Amino acid sequence: MDYKSLLNEEQYRAVVCTNGPVLVSAGAGSGKTRLLTYRIAYLITECGVNARNILAITFTNKAAGEMKERICKIAKDGDLVTVCTFHSFCARMLRTYASFIDGYKENFTIYSETDSSKVMKDLFKSMNITDENIKSNFKHNISTIKNDNMSIDEFANIFRYDKNINDFVKFFNAYQSELVKNNAMDFDDLLINFYKLISTNDAVLESIQNHYTYFSVDEFQDTNKLQYDIIKILASKTQNLLIVGDEDQSIYGWRGANIDNIFNFTKDFKNVKIFKLEQNYRSTKKILDKANLIIKNNKNRLDKKLYTDNDEGTDVYYYQAMNESDEADFVVQNIVRMHNAGVNYNDIAILMRLNSLSRAFEEKLLAYNIPHIMYNGFKFFERAEIKSVLAYLTAIVNPSDDVSFARIINFPKRGIGDTSIEKISEIATRNRTNLKSVVMNCDNEILPKALVDKLRSLRDLLETLEHDMTNMGMYDFFSELLDKTGILKSFDLDNEQEYERFLNINSLSNSVREFEENNAGATIIDYLESVTLSSAMDSDDGSGVVIATVHSAKGLEFDTVFVVGCEEKIFPISRDDNDDLEEERRLMYVAITRAKKNLILTSSNSRFLYGKREYSVKSRFLYELELARERQINSNFNSYNNYNNNYSNSNYTNYSNNNTYHSSNYGGNMNTLQTNSNQSFNYTFNKDTVEKKSIDFSKIKLGAKVTHPKFGDGEIVEVTPNSSNHCVKIRFEGVGEKMLSLDYAPITFKE
């Protein structure tokens with residue numbers, strides 16, 4: 001096999017460098033998987049290495065399967081190579097050498113997160129630990145101790161002044177004892193127990209090292225300390241270790257990934273040979289220019305600069321919207337234009353730092369009948385915290401809905417566990433009534449006093465909310481509900497995942513506000529019906545425009561990428577130190593390098609946050625990308641949702657940094673874009689040069705009857721004056737009123 005002709009020069013140099021420690025810093029889209037597979041094939045076909053002696057570590061089972069398949073196609077005996085994840089390799093070795101592990105047999109069970117949580121739950125109960133914050137911290141600390149390869153004594157010494165440290169030590173030891181008693185290991189135990197085995201038993205280590213003599217690890221920037229310690233020991237004998245990673249794409253620090261592992265590798269191994277894969281095969285030159293421009297601001301990295309032989313491509317664009325609705329309109333209407341010009345929906349992605357931004361885009365995509373998928377996550381109204389908040393509304397207006405009521409009994413946490421809920425359910429069944437009735441009459445039921453006290457509190461809360469609902473507007477009532485239930489206060493805002501859930505509920509609050517504004521006289525029942533019907537219409541057939549967080553989009557690529565929400569406190573999310581800010585910058589770098597041909601970034605002048613509309617500050621990354629002061633889209637802002645009546649030109653002129661204009665609700669002029677993977681052709685966002693639907697203007701009037709493929713029949717109730725895109729508000733039965741552009745919405749007039 002002519003490897004030299006199949007690889008670029010730097011890839012080839014890394015492939016044929018087979019002995020000793022090798023570091024490959026592989027830039028985005030530079031063909032690292034190709035390098036890994038060809039290097040393993042080269043070891044087998046050209047160096048005579050027995051395939052059984054090769055261990056290749058990847059980070060997902062899917063990646064392992066794909067790599068194994070590719071190796072088998074190009075190398076004889078490729079199926080004998082061990083290609084797997086850290087966890088699966090450790091599990092295999094632990095079963096093989098189970099007799100050397102105290103307390104375990106080879107048939108040990110691997111506990112899932114659910115199984116582990118059940119063990120912890122029972123221990124919390126037996127130790128009388130009821131504080132939910134303490135429970136959460138204890139769970140987190142157990143994983144931290146194991147992944148940081150730390151003993152419980154070391155951890156206890158570090159946090160010796162913590163008032164809960166003694167209880168935690170007891171809990172940790174009890175948890176580990178319970179696992180051993182059950183001949184079970186959790187996921188973290190697979191790594192820590194294997195590390196203990198090879199670091200304390202020379203005979204076992206020698207046996208493994210005699211079997212495996214060549215090692216490679218993919219996505220090395222995502223390894224944690226324990227994983228690095230494991231591979232360092234395994235490769236210590238032959239030193240034949242290849243690591244491939246990109247410090248510029250290290251974005252999982254929050255779950256233990258340690259970017260310093262790449263730099264420690266060059267210290268812990270002698271005479272490390274370093275190769276940099278800088279040739280990108282994915283993106284245009286102009287996109288890579290922006291990628292290089294942003295990432296050069298990070299200090300903790302190897303010096304490399306992406307380049308490509310691809311076309312120059314079109315300019316990277318930035319659009320500054322007036323508000324989140326305007327931002328979603330801009331993105332979605334231009335997706336319609338692109339699709340009309342021949343672009344496949346599957347080749348377009350909307351990427352965001354926080355999934356709480358997705359609601360506006362999901363709703364607009366549905367309104368314009370564009371198929372879409374929420375990649376690696378739940379669509380907005382399917383998220384657990386959203387369903388739980390909506391369950392409060394349902395429980396108030398529909399007492400018979402036991403499913404909804406069961407969601408709120410212990411949300412937020414009020415110490416009513418599964419056993420108590422089962423007792424309440426038994427009483428409801430026996431009395432042939434519903435859960436809410438039992439709670440509202442808890443004084444008359446035979447229940448433990450402690451439980452009755454908790455149920456009284458819930459009963460009083462519900463009675464107050466029922467009264468408020470009849471005396472307040474919809475949005476004011478919803479705000480009151482969030483306040484009196486303490487839902488927003490239940491989230492730990494220092495925890496990023498908890499913060500995202502908090503922002504999701506904030507977005508739900510905005511949804512209620514918008515529905516009330518657009519549907520005069522509407523009730524909570526109307527809103528719930530609208531959400532239910534819209535969610536049912538929003539079918540997911542596995543294809544369409546991808547909505548994703550940047551974290552979940554890593555490893556993917558699209559012809560066109562919209563990066564939305566480019567504002568301070570969103571992207572980057574608020575960070576306290578430089579290391580965190582550098583990870584945020586790496587996230588932006590990852591977002592940019594997902595784009596192959598077209599890259600558009602957006603921000604909003606204001607967002608509805610924390611129960612009120614607040615001005616937004618443009619992301620510092622826009623300035624680093626040299627986008628915030630140039631190539632901005634200028635045109636007259638069209639009235640939308642009365643927004644420009646609430647915020648004047650002077651307000652935005654005074655607030656905006658170097659901006660004395662309003663961005664158009666539906667975009668202005670943009671230059672040529674490549675939009676199809678099979679061909680290059682002139683495409684523009686300019687409304688005058690893109691073919692629009694043929695509209696009979698005489699039909700655009702109040703009272704006109706229309707049909708929408710998702711929303712059904714509707715009636716025009718408002719026509720926006722001087723709207724170049726023929727914006728109208730349409731009232732649809734069940735789903736409420738929607739503001740749509742007739743130029744792009746799939747609307748037909750009824751005769």
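Everything numeric in this text was worked out from a predicted model, so none of it was measured.
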Exercise: identify the closest heavy-atom pair between P709 and N369: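 In this case the closest contact between P709 and N369 is CG-ND2, 3.4 Å.
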Tell me if the [atom1] atom of [X] is crowded by more than 12 foreign heavy atoms within 6.0 Å.
{"X": "F187", "atom1": "CZ", "result": "no"}
{"X": "K413", "atom1": "NZ", "result": "no"}
{"X": "R160", "atom1": "CZ", "result": "yes"}
{"X": "E463", "atom1": "CD", "result": "yes"}

Do any N or O atoms from the side chain of [X] and from the backbone of [Y] form a donor-acceptor pair under 3.5 angstrom?
{"X": "N410", "Y": "R414", "value": "yes"}
{"X": "S507", "Y": "L503", "value": "no"}
{"X": "H708", "Y": "V706", "value": "no"}
{"X": "E385", "Y": "N504", "value": "no"}
{"X": "T144", "Y": "H140", "value": "yes"}
{"X": "S552", "Y": "A548", "value": "no"}
{"X": "D115", "Y": "S112", "value": "yes"}
{"X": "T96", "Y": "R92", "value": "yes"}
{"X": "D131", "Y": "N133", "value": "yes"}

With a 3.5 Å cut-off and no angle check, do the side chains of [X] and [Y] form a donor-acceptor pair?
{"X": "S437", "Y": "N434", "value": "no"}
{"X": "Y175", "Y": "D186", "value": "yes"}
{"X": "N510", "Y": "R513", "value": "yes"}
{"X": "Y527", "Y": "S511", "value": "yes"}
{"X": "E737", "Y": "N519", "value": "no"}
{"X": "R383", "Y": "S358", "value": "yes"}
{"X": "Q176", "Y": "K181", "value": "no"}
{"X": "N323", "Y": "S604", "value": "no"}

Taking the six-membered ring for Trp, are [X] and [Y] ring centroids under 6.0 Å apart?
{"X": "F171", "Y": "F124", "value": "yes"}
{"X": "Y252", "Y": "H551", "value": "yes"}
{"X": "F172", "Y": "F155", "value": "no"}

Sequence-distant partners of E154, salt bridge (charged side-chain N to carboxylate O under 4.0 Å, His left out), two or more places apart: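 Salt bridge (charged side-chain N to carboxylate O under 4.0 Å, His left out) check on E154 returns nothing, list empty.
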Partner set under salt bridge (charged side-chain N to carboxylate O under 4.0 Å, His left out) for K554, not counting sequence neighbours: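 Checked K554 against salt bridge (charged side-chain N to carboxylate O under 4.0 Å, His left out); matches are E219, D222.
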[Y] side chain reached by [X] side chain, heavy atoms, under 4.5 Å:
{"X": "E614", "Y": "R607", "value": "no"}
{"X": "Y375", "Y": "I547", "value": "no"}
{"X": "L481", "Y": "I487", "value": "yes"}
{"X": "N137", "Y": "I134", "value": "no"}
{"X": "F168", "Y": "I145", "value": "yes"}

Under-4.0 Å salt bridge between [X] and [Y]:
{"X": "K125", "Y": "D122", "result": "no"}
{"X": "E362", "Y": "R359", "result": "no"}
{"X": "R456", "Y": "D460", "result": "no"}
{"X": "K738", "Y": "E363", "result": "no"}
{"X": "K436", "Y": "D402", "result": "no"}
{"X": "R613", "Y": "E324", "result": "yes"}
{"X": "K423", "Y": "E445", "result": "no"}
{"X": "K705", "Y": "E715", "result": "yes"}

Would you sort out whether L488 and D483 count as a side-chain contact (heavy atoms from CB on, under 4.5 Å), showing the intermediate values? CA-CA 7 Å; L488 293 180; D483 179 55; over 6 Å; no
The test is side-chain contact (heavy atoms from CB on, under 4.5 Å); show your working for K387 and E382 and say whether it passes. CA-CA 6 Å; K387 292 178 73 68; E382 292 302 314; 3.9 Å; yes
Working note: K135 + I129, criterion side-chain contact (heavy atoms from CB on, under 4.5 Å); need CA distance, chi angles, decisive distance, verdict. CA-CA 7 Å; K135 290 180 182 180; I129 298 174; 4.2 Å; yes
Walk me through it: do C90 and Y195 pass the test side-chain contact (heavy atoms from CB on, under 4.5 Å)? CA-CA 9 Å; C90 291; Y195 172 80; over 6 Å; no
Could you check whether the rings of F194 and F89 sit parallel, tilted or perpendicular, using 30° and 60° as the cut-offs?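 Ring orientation of F194 relative to F89: perpendicular.
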Test side chain to side chain donor-acceptor pair (under 3.5 Å) applied to N224 and N147, step by step: CA-CA 7 Å; N224 59 33; N147 285 314; 3.2 Å; yes
Going by the ring-ring contact (aromatic ring centres under 6.0 Å, His included) test, which pairs reach into residues 424-483, not counting sequence neighbours?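 ring-ring contact (aromatic ring centres under 6.0 Å, His included) check on residues 424-483 returns Y475-F608.
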